[in-house]
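Taking it in order: structure first as structure tokens, then the write-up.
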Amino acid sequence: MTQMQQATGDANFREKVFRQVKKIPKGKVSTYGQVALLLGKPRGAREVGWMLHSNDRVDVPCHRVVDRTGRLAPNFAFDGMAEQRRRLVNEGVKFIDKIHVDLEKHLWKSR
DNA sequence: ATATTGACGGGCA
DNA sequence: GTGCCCGCCAATA
């Protein structure tokens with residue numbers, strides 16, 4: 001690893017985030033904090049959010065990642081939270097209202 | 001180098 | 001359950 005890559009910080013961490021998000025099963029959701037914790041950064045929730053925002057790759061199901069209250073992203077990359085909600089509903093995720101998913105039922109329990 | 005911002009989380013009212 | 005404050009971390013308006 002070059003010195004530049006280290007300076008960039010966690011270029012490696014970014015890959016971990018994508019890999020972890022890809023593991024979220026269809027019909028389940030995870031939280032930024034949960035993902036961060038699994039990657040060994042208990043306080044890296046904001047970091048995860050930044051990564052997903054800056055990288056809206058189609059192969060990363062970022063719509064399955066919500067915040068701790070189950071609230072959807074304030075500004076989803078494509079069509080606002082309407083698009084995010086549509087995708088989740090399409091996968092069978094239940095909502096307690098328009099912007100909050102039912103975490104009790106759909107929060108992914110990683111192992 | 002400092003200040004501000006943001007797709008966050010925990011604790012408390 | 002919701003809202004506010006504060007701490008945390010990286011990017012940058």
Side-chain angles (χ1 to χ4, degrees):
Chain A
M1 178 182 297
T2 68
Q3 201 170 61
M4 176 112 84
Q5 284 174 322
Q6 288 183 347
T8 330
D10 310 304
N12 187 17
F13 178 70
R14 194 187 64 180
E15 290 301 320
K16 289 182 181 177
V17 172
F18 293 145
R19 202 177 67 219
Q20 186 61 39
V21 173
K22 286 181 184 175
K23 288 180 181 176
I24 303 173
K26 190 159 108 180
K28 291 292 179 180
V29 297
S30 188
T31 67
Y32 302 99
Q34 180 83 49
V35 173
L37 187 63
L38 293 172
L39 273 57
K41 300 205 172 187
R43 305 297 177 257
R46 310 198 71 150
E47 208 174 330
V48 174
W50 185 260
M51 295 302 173
L52 296 179
H53 178 244
S54 301
N55 296 277
D56 36 36
R57 293 170 52 175
V58 289
D59 57 320
V60 180
C62 51
H63 58 281
R64 294 180 191 150
V65 184
V66 296
D67 70 13
R68 89 169 138 111
T69 69
R71 183 177 171 278
L72 304 179
N75 263 318
F76 198 63
F78 304 98
D79 232 351
M81 50 176 71
E83 176 65 17
Q84 184 172 11
R85 191 176 97 243
R86 193 186 69 74
R87 289 189 181 189
L88 290 172
V89 170
N90 188 40
E91 295 181 354
V93 176
K94 305 276 181 140
F95 281 69
I96 59 181
D97 62 35
K98 290 301 180 187
I99 66 175
H100 292 89
V101 298
D102 192 339
L103 284 181
E104 297 300 314
K105 289 184 178 177
H106 303 286
L107 180 61
W108 178 44
K109 300 109 192 148
S110 61
R111 257 179 285 124

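So you know, we letter chains A, B, ... as the sequences are listed, proteins then strands, and number each from 1. All figures in this text were calculated on a predicted structure; none of them were measured in a lab.
Both L52(A) and V35(A) are assigned to one and the same hydrophobic cluster, defined by single-linkage of ILVMFWY side chains at heavy-atom distances under 4.5 Å.
Distance H53(A) NE2 to dT12(C) P: 11 Å, rounded to the nearest Å. Rounded to an integer number of Å, the gap from CG of L38(A) to P of dG9(B) is 13 Å. Atom CD in E47(A) sits about 15 Å away from atom P in dA7(B), given to the nearest Å. Atom CZ in R43(A) sits roughly 18 Å away from atom P in dC6(C) (whole-Å rounding). As a whole-Å value, the separation of L39(A) CG from dA10(C) C1' is 15 Å. Residue L52(A) contributes atom CG, which lies 15 Å from atom C1' of dA11(C) at whole-angstrom precision. Atoms CG (N12(A)) and P (dA10(C)) sit 14 Å apart, rounded to a whole Å. Atoms CE (M51(A)) and P (dT12(C)) sit 11 Å apart, rounded to a whole Å.
Residue contacts shown for A45(A) are limited to sugar-phosphate atoms, with no base heavy atom under 4.0 Å away. Nucleic acid contact for T31(A): sugar-phosphate only, since backbone atoms but no base atoms lie under 4.0 Å from a heavy atom of the residue. No contact: G44(A) has no heavy atom under 4.0 Å from any strand.
Taking a pair as Watson-Crick or G-U wobble with both distances under 3.5 Å, DNA chain C forms stems of 3 or more consecutive pairs at B:3-6 with C:9-12, B:8-13 with C:2-7.
Interatomic distance, T31(A) OG1 to L37(A) CG, rounded to the nearest 0.5 Å: 8.5 Å. Distance check: L107(A) CG to R68(A) CZ gives 13.5 Å after rounding to the nearest 0.5 Å.
Looking only at side-chain heavy atoms (C-beta outward), K28(A) and K109(A) come within less than 4.5 Å of each other. Looking at H100(A) and T69(A), their side chains come closer than 4.5 Å, going by heavy atoms from C-beta outward. With contacts defined as side-chain heavy-atom distances shorter than 4.5 Å, the pair Q20(A)/L39(A) qualifies.
Comparing dC8(B), dA11(C), dC9(C) by their closest approach to the side chain of W50(A) singles out dA11(C). Of the listed nucleotides (dA10(C), dA7(B), dG9(B)), dA7(B) has the atom at the smallest distance from the side chain of P74(A). Nearest nucleotide to the R46(A) side chain, out of dG7(C), dT2(C), dA10(C): dG7(C). Checking dA10(C), dT2(C), dA7(B) against every side-chain atom of D97(A), the shortest atom distance belongs to dT2(C). Distance from the side chain of A73(A) is smallest for dA7(B) among the nucleotides dA7(B), dC9(C), dT12(C). In this structure, of dA10(C), dC8(B), dC8(C), it is dC8(B) that holds the atom nearest to the side chain of Y32(A).
Residue-to-nucleotide contacts include a donor-acceptor pair under 3.5 Å from the side chain of R68(A) to the base of dG10(B).
No option in R64(A), R86(A), K26(A) other than R64(A) meets the side chain to side chain donor-acceptor pair (under 3.5 Å) test with E91(A).
The number of heavy-atom neighbours closer than 6.0 Å to CZ of R43(A), taken from other residues, nucleotides and ligands shown, is 12 or below.
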